[in-house]
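Shown next, in structure tokens, is the structure this report addresses.
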Amino acid sequence: MVLMTMIARVGDGLPLVASMQNDDDAGRPLQDYQSQAKMIFRKLNSQSPDRCTIESGRLMFHYMIDQGVCYLVLAESTFSKKLAFSYLGELRSEFFVQYGNRVTSQNRPYAFIEFDTYVQKTRKAYMDSRTRRNLNLVSSELQDVQRIMVSNIDDVMQRGVALSELGNKASDLASLSKKYKDDAHTLNMRSSHVKMIALVVIVFIFIIYFRFWWM
């Protein structure tokens, strides 16, 4: 279930849109999660991963950054991650069409609060993962959500870890993965060359053997 959706400007964390459900659905006041969301926004910068999942108890924050804007959703941990990022992708597309050229000029919070109408409409479409529409979304190759960085809200808030560090860690992991892949390819090539040389040697020995045998 989608419990809260927020959109903010990256750089200064200015909230542009907020849409929340009932506190009863979250099990605790949503203001607490809203405060966490604002903290996340303030820690974002140009080095932050463009997609990330942050655990907060039994709930999960998922966010997506595009064109200097962060789209964030709070959902239950049982809610499909692929659906969550598909939902954010739809919000991103519509938001950019309506307000993309006005984001940088805003000074007051929640300047585009009227976008909540579209948020609520889209949220309803994603509420039931058993619907044919959502099942098609889950089965399609929208993105490799398994490779999205996952963190914990305590790391972000209490320890003051900048989200850019997660991006650096993700880059480091990607670099190491590429290095190991290249090393494995090199070893495979060497192994193939050794086998080829051994085969040539064996063939050469047989040629010499039969040549002298028949002589």
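A quick note: this is a predicted structure, and the numbers were derived from the prediction, not measured. No hydrogens, no waters, no symmetry mates; every other heavy atom, side chains included, goes into these values.
- Closest non-hydrogen pair, L16 versus V103, comes out as CD1-CG1, 4.0 Å.
- The two atoms that bring M64 and G89 nearest to each other are CE-N, 3.9 Å, heavy atoms only.
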Give the intermediate values and the outcome of side-chain contact (heavy atoms from CB on, under 4.5 Å) for residues Y99 and E94.
CA-CA 9 Å; Y99 310 107; E94 184 64 23; over 6 Å; no
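- Of all heavy-atom pairs between Y87 and V119, the closest is OH-CG1, 3.4 Å.
- Counting only distance, with no hydrogens or angles, the side chain of R9 and the backbone of C70 share no donor-acceptor pair below 3.5 Å.
- Side-chain polar atoms of Y126 and E90 form a donor-acceptor pair below 3.5 angstrom.
- Under the 4.5 Å side-chain criterion, counting only non-hydrogen atoms from C-beta, N45 is not in contact with V10.
- Atom OH of residue Y63 and atom CD1 of residue I7 lie 15.5 Å apart, to the nearest 0.5 angstrom.
- A distance-only check finds no donor-acceptor pair linking the side chain of R92 to the backbone of D66 [under 3.5 Å].
- Put simply, the side chain of L44 reaches to within 4.5 Å of the side chain of I65, judged on heavy atoms.
- The backbone N or O of M60 lies less than 3.5 Å from no partner atom in the side chain of S77, so there is not a single donor-acceptor pair.
- In this structure, the separation between OH on Y71 and CZ on F85 is 14.5 Å, given to the nearest 0.5 Å.
- Within the model, atoms CD of Q36 and CE of M6 stand 12.0 Å from one another, a figure rounded to the nearest 0.5 Å.
- S19 places a side-chain heavy atom less than 4.5 Å from the side chain of Q120.
- Of the possible polar contacts, one joining the Q106 side chain to the R102 backbone as a donor-acceptor pair under 3.5 Å is found.
- Taking the side chain as every heavy atom from C-beta outward, T5 and V17 never approach each other to under 4.5 Å.
- Looking at D32, its side chain never comes within 3.5 Å of a backbone N or O of S35 through a donor-acceptor pair.
- Residue D12 qualifies as enclosed at atom CG: its count of foreign heavy atoms under 6.0 Å is above 12.
- Connection of F96 to F41 is not established within any shared hydrophobic cluster, with ILVMFWY side chains joined at heavy-atom distances below 4.5 Å, either directly or through further cluster members.
- Ring planes of F115 and F95: perpendicular class, angle over 60° (limits at 30 and 60°).
- Residue S56 comes nearest to F61 through the heavy atom pair CB-CE1, 3.9 Å, listed as atom of the first residue, atom of the second, then distance.
- The main-chain N or O of K82 is never found under 3.5 Å from a side-chain atom of S86 such that the two would form a donor-acceptor pair.
- Across all their heavy atoms, A8 and G13 have their closest contact at CB-O, 4.1 Å.
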Could you walk me through whether L14 and N107 pass side-chain contact (heavy atoms from CB on, under 4.5 Å), step by step?
CA-CA 8 Å; L14 180 72; N107 295 315; 6.0 Å; no
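- The structure places CD of Q34 at 13.5 Å from CE of M39, a figure rounded to the nearest 0.5 Å.
- To the nearest 0.5 angstrom, M20 atom CE is 9.5 Å from D116 atom CG.
- Summarising the geometry of M1 relative to F79, their closest heavy-atom pair is N-CD1, 3.4 Å, with the distance given to 0.1 Å.
- Between H62 and L72, the closest side-chain pair of non-hydrogen atoms is not below 4.5 Å.
- Expressed to the nearest 0.5 Å, how far CG of L88 lies from OG1 of T122 amounts to 10.5 Å.
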